[in-house]
Structures are given as structure tokens and as C-alpha cells.
Amino acid sequence: MDGTNEKLELKLKDLERRENELKELERKMKERSDNAKSTITLNVGGKLFTTSKENLLRVKNTYFSSLLQSENWKPDEDGNYFIDRDPKPFSIILKYLRTGHFNLKNLTNDQLDDLQEELDYYSIDLPEDSDPILKLKLDNVMQSGTKKWAQDGSLPNVSGKILAKVLEYCRYHIEFPSQSDGISPWDAEFCNVDQPTLFELIIAAQHLEIQPLVDLACKTVANKIKGKTPEQMRTFLGVTSDFTPEEEEQLRRENEWVEER
């Protein structure tokens, strides 16, 4: 028993030491953050942005809060903090930190993708119940319409029926974001359509860069062909064999060992 108590006492002392070290580290990080200048100038990709420390720390646990509490982030000789990132989306992000709102008017889907990439880099998470970037992408889809796509060829052969299905998917998942990588009951019912409609959904979602819908439709196709013979798969996928029936039979005989395994 004495040996056990001695081990517990040593373990307790070690834990207490680590706890004290952690408290000291937290104290130093807070001290560094408190001692940082109230006005900070950032050099983002060669463009200067001046803002308050309060704005940079408005959202918790971001790139900025980590660096302001670090000993490694030092200003240059001009007193500016350099960040090697694109200044265009940063101006939008800084406005969000200042006001709590995004100004996303007139942004294309490519620009929205760039903005999302920068938000990820700065570890700025949007509220789970409201994603303005996804909403604006949906607005862009609705405003463009099938007429524009028919003119410039950017989204060929997409009918009004398929576009309506895509919009139905977007509206639902804006209100009810997916909680897992699996197929939810709503998603399963949404994809409970005939084969041509399912394939048209994949094409439309790819052109619109709605990756979650692409993944969902492709998973549905994979589930539908699971366990089918090659002939059944070709029929479902509309694939024509490059071989004659005689050539296929010869290939089967030559590769019987594969089926035996």
C-alpha cells in the first residue's frame, strides 16, 4: 500500500506542476494580448489595413487571436504585421470583423470560393444556422437562370425541372445543414428518382460546383449498382460494350480464374 500511495503522490505532484505551467502560459498569452497596441496595421499581400485590436479579437479562437498571443508574430521595421495572403477577400473579412456583416454583393461564385478559402485560413467559422456564402451562391443560380446558360453554354442541357430540383436541394440544406457524411432520409427521398433524372442532377451540380449534391447523387448511383453483374451495370449506366457477344464469351473463358477466386 505504501508503494501505491507513493506513486499516487508523485502523479499528483506531476499533475499539479503541469497545471501551474498551463496557468502561467495562459497568463503570459493574456498579457501579450493585453499589451498589444490598440491600433494594429496589417500588411496583407502588400496592401495595408489598419484596425483595432478589439476588431481582430472580436471572433474567438481565430488566426488573429493566436498570433496576438504569440511571441513569434513580430511587426516589421515599419510597425506593420505581414500576412502573405490575398488582400481582396481580406477587405471583406475585415469588414465582417468590424460590423458582424458580410458585403457580398456582385461577387461571382469563384470569388465566393476564394472568400471561403480565406475564411478557412484565418479560422473564422460562420454561424452554423446561417451561411451567407452558400445563400448568395443560391441567389446567383436563381438570377442567372437557364436562359443565360443556354446562351453561353456554361450549363448545357439542363431543363427547368432539373434546375428546380437543384434549388430544392439548396434551399433545404441552407435551412437544415447536413450533420454527417451519410445519406439522410430526406436526401434518400430527394434522390428517389429515375435514372435519367439522377444523371442530369449530377451534371447540373458539377457545373454549378455544388459538391455536396454531386457527392450525394454519386453515392446514390453507387448504391444502385452495388451487387449487380457487369451486364446489369452497363444497362443501368447506358454503357455500350466494345466487344461482340463472341468476344465477351472468349474473355470470360480466358479469365475464369478471376471468378473462381
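Residue indices begin at 1 and follow the sequence shown.
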* To do: Report whether Leu94 and Tyr63 are members of the same hydrophobic cluster (ILVMFWY, side-chain heavy atoms less than 4.5 Å apart, transitive linking).
  => yes
* Asked: If you draw the axis of the six-membered ring of Phe90, does the NZ or CZ of Lys47 fall within 45° of it and under 6.0 Å from the ring centre?
  -> no
* Atom CD of Glu168 with >12 non-hydrogen neighbours under 6.0 angstrom -> yes
* Asked: Same cluster or not: are Val214 and Val166 linked, directly or through other Ile, Leu, Val, Met, Phe, Trp or Tyr residues, by side-chain heavy atoms under 4.5 angstrom apart?
  -> no
* Pair Ser123-Thr62, side-chain donor/acceptor within less than 3.5 Å -> no
* Give the ring-plane orientation class for His173 versus Trp186, where under 30° counts as parallel, over 60° as perpendicular and anything between as tilted. => perpendicular
* Asked: Between Ile40, Val44, Leu48, which is the residue that forms a side chain to side chain contact (heavy atoms under 4.5 Å, CB included) with Asn80?
  -> Leu48
* **More than 12 heavy atoms of other groups within 6.0 Å of Lys95 NZ** => no
* Looking at side-chain heavy atoms only, is the closest gap between Tyr122 and Ile93 below 4.5 Å? -> yes
* Asked: Would you say Thr197's side chain and Val193's backbone share a donor-acceptor pair under 3.5 angstrom?
  -> no
* Verify the distance criterion only: is there a donor paired with an acceptor across the side chains of Ser52 and Asn55 at less than 3.5 Å? => yes
* Would Thr220 and Asn223 count as a side-chain hydrogen bond (donor to acceptor under 3.5 Å, both in side chains) if you check the C-alpha gap in whole Å, the side-chain angles of each, and the deciding distance to 0.1 Å? -> CA-CA 5 Å; Thr220 302; Asn223 289 337; 5.7 Å; no
